[in-house]
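The analysis underlying the following values was restricted to heavy atoms, covering all of them including side chains, and did not include hydrogens, waters or symmetry mates.
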Amino acid sequence: QVQLVESGGGLVQAGGSLRLSCAASGRTFSTQAMGWFRQAPGKEREFVGAIGWRGGSTYYTDSVKGRFTISGDNAKNTVYLQMNSLKPEDTAVYYCAADRSFATMTRGLSADYWGQGTQVTVSS
C-alpha cells in the first residue's frame, strides 16, 4: 500500500499562487507516477497533471498548462503542484494520486492510490 498526504491548500485571491505538497510513504517503489486531480462542487473529478518518476516527464490538462507546474523530489517521495495565476474556476478539492503507470495516470481516468484531498478556494 501507498499512503499519500496532501498539504498547502487554502484561500487565495484570483491571480495569486499556491503550492500544494504530497508526501508518499509505504510501498512507493511500486509506483511510476504521481499526480493531481481535482473536484469542484457539483462536478466530476478532473485530471490536473502528473509526473513520471523515471525521467521526470510531466503531463497537464489543457486548462492549467502554462499556469500549473508539477515537480518531484525522489529523495523525499514528495510531489509538488505550483499553481500560479489562479482563477475562481480552479476552486476545488485537490487530490494527490499515485499509479503504477505514468501512461495510465495521464489518461486521467483513475489511479491506484489517493490522498484525502485539500481544499483550494480562489476568490474573485
Q: Minimum heavy-atom separation for V48 to F68, with atom names?
A: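 For V48 versus F68, the nearest heavy atoms are CG1-CD2, 3.8 Å.
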Q: Taking C-beta and beyond as the side chain, do Y60 and I70 meet within less than 4.5 Å on heavy atoms?
A: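 A side-chain contact under 4.5 Å exists here.
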Q: Within the side chain of E6, is there an N or O that forms a donor-acceptor pair under 3.5 Å with the backbone of G117?
A: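 Judged by distance alone, yes, a pair lies under 3.5 Å.
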Q: Is any side-chain heavy atom of V2 closer than 4.5 Å to a side-chain heavy atom of S30?
A: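 A side-chain contact exists here, since the closest heavy-atom pair is under 4.5 Å.
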Q: Assess the side chains of E89 and T91: does a donor N or O sit below 3.5 Å from an acceptor N or O?
A: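 Their side chains do not contain a donor-acceptor pair, so the 3.5 Å distance test is not met.
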Q: Can you tell me how far the CZ atom of R100 sits from the CZ atom of R27, to the nearest 0.5 Å?
A: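 It is 11.0 Å, given to the nearest 0.5 Å.
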Q: First locate atom CG of L18, then atom CG of D90, and finally report the distance between them rounded to the nearest 0.5 Å.
A: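 Output value for this atom pair is 10.0 Å.
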Q: Is it the case that the side chain of T28 and the backbone of S25 share a donor-acceptor pair, with hydrogens and angles ignored and the cut-off at 3.5 Å?
A: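 Not confirmed, T28 side chain does not pair with S25 backbone.
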Q: Is it true that a side-chain atom of D99 and a backbone atom of M105 form a donor plus acceptor pair closer than 3.5 Å?
A: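 Looks like no, no N/O pair under 3.5 Å.
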Q: What is the minimum heavy-atom distance between A92 and A40, and which atoms define it?
A: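 Looking at all heavy atoms of both residues, the closest pair is CB-N, 3.8 Å.
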Q: Nearest 0.5 Å, please: how far is CD in E46 from OG1 in T61?
A: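 Going from the OG1 atom of T61 to the CD atom of E46 covers 5.0 Å.
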Q: Do M34 and L4 touch side chain to side chain, with heavy atoms closer than 4.5 Å?
A: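 In short, these two side chains touch, coming nearer than 4.5 Å.
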Q: For the ring pair F37 and Y95, is the centre-to-centre distance below 6.0 Å?
A: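 Ring centres of Y95 and F37 not closer than 6.0 Å.
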Q: To the nearest 0.5 angstrom, please state how far the OH atom of Y59 sits from the CZ atom of F102.
A: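 Going from the OH atom of Y59 to the CZ atom of F102 covers 9.0 Å.
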Q: Can we say K65 and D62 salt-bridge, meaning some charged N sits less than 4.0 Å from an Asp/Glu carboxylate O?
A: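 D62 and K65: salt-bridged.
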Q: Show your working on side chain to side chain contact (heavy atoms under 4.5 Å, CB included) between S123 and Q13 and close with a plain yes or no.
A: CA-CA 5 Å; S123 63; Q13 288 188 331; 3.7 Å; yes
Q: First locate atom OH of Y94, then atom CE of M83, and finally report the distance between them rounded to the nearest 0.5 Å.
A: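 These two atoms lie 5.5 Å from each other.
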Q: V120 versus L20: any side-chain heavy-atom pair under 4.5 Å?
A: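 Result yes, sub-4.5 Å side-chain heavy-atom pair found.
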Q: Main chain of A33, side chain of T31: is a donor-acceptor contact present, judged purely on distance under 3.5 Å?
A: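 Not a single qualifying donor-acceptor pair exists.
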Q: Check for me, please, whether V122 and V64 land in the same ILVMFWY cluster - side-chain distances under 4.5 Å, paths through other members count.
A: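 Same cluster.
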Q: Do W53 and W114 sit in one hydrophobic cluster, given that two such residues count as connected whenever their side-chain heavy atoms are within less than 4.5 Å of each other, even indirectly?
A: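 In one cluster with W53: W114, no.
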Q: Do N84 and S17 meet the criterion of a side-chain donor-acceptor pair at a distance under 3.5 Å?
A: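 Distance-only check passes for N84 and S17.
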Q: Can you tell me how far the CZ atom of R67 sits from the CG atom of L86, to the nearest 0.5 Å?
A: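 One gets 6.5 Å once the value is rounded to the nearest 0.5 Å.
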Q: I'd like to know whether C96 forms a side chain to side chain contact (heavy atoms under 4.5 Å, CB included) with V79, so could you lay out the CA-CA distance, the side-chain angles of the two residues, the decisive distance to 0.1 Å, and finally the verdict.
A: CA-CA 9 Å; C96 178; V79 66; 4.1 Å; yes
Q: Are side-chain N/O atoms of Y80 and R19 paired as donor and acceptor at under 3.5 Å?
A: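 Checked: Y80/R19 side chains show no N/O donor-acceptor pair below 3.5 Å.
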Q: Write down the atom of S110, the atom of R45, and the distance for their closest heavy-atom approach.
A: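 Nearest pair, atom of S110 first, then R45: CA-NH2, 4.3 Å.
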Q: So do T78 and C22 actually touch side chain to side chain, heavy atoms under 4.5 Å?
A: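 A side-chain contact is absent here, since even the closest heavy-atom pair is not under 4.5 Å.
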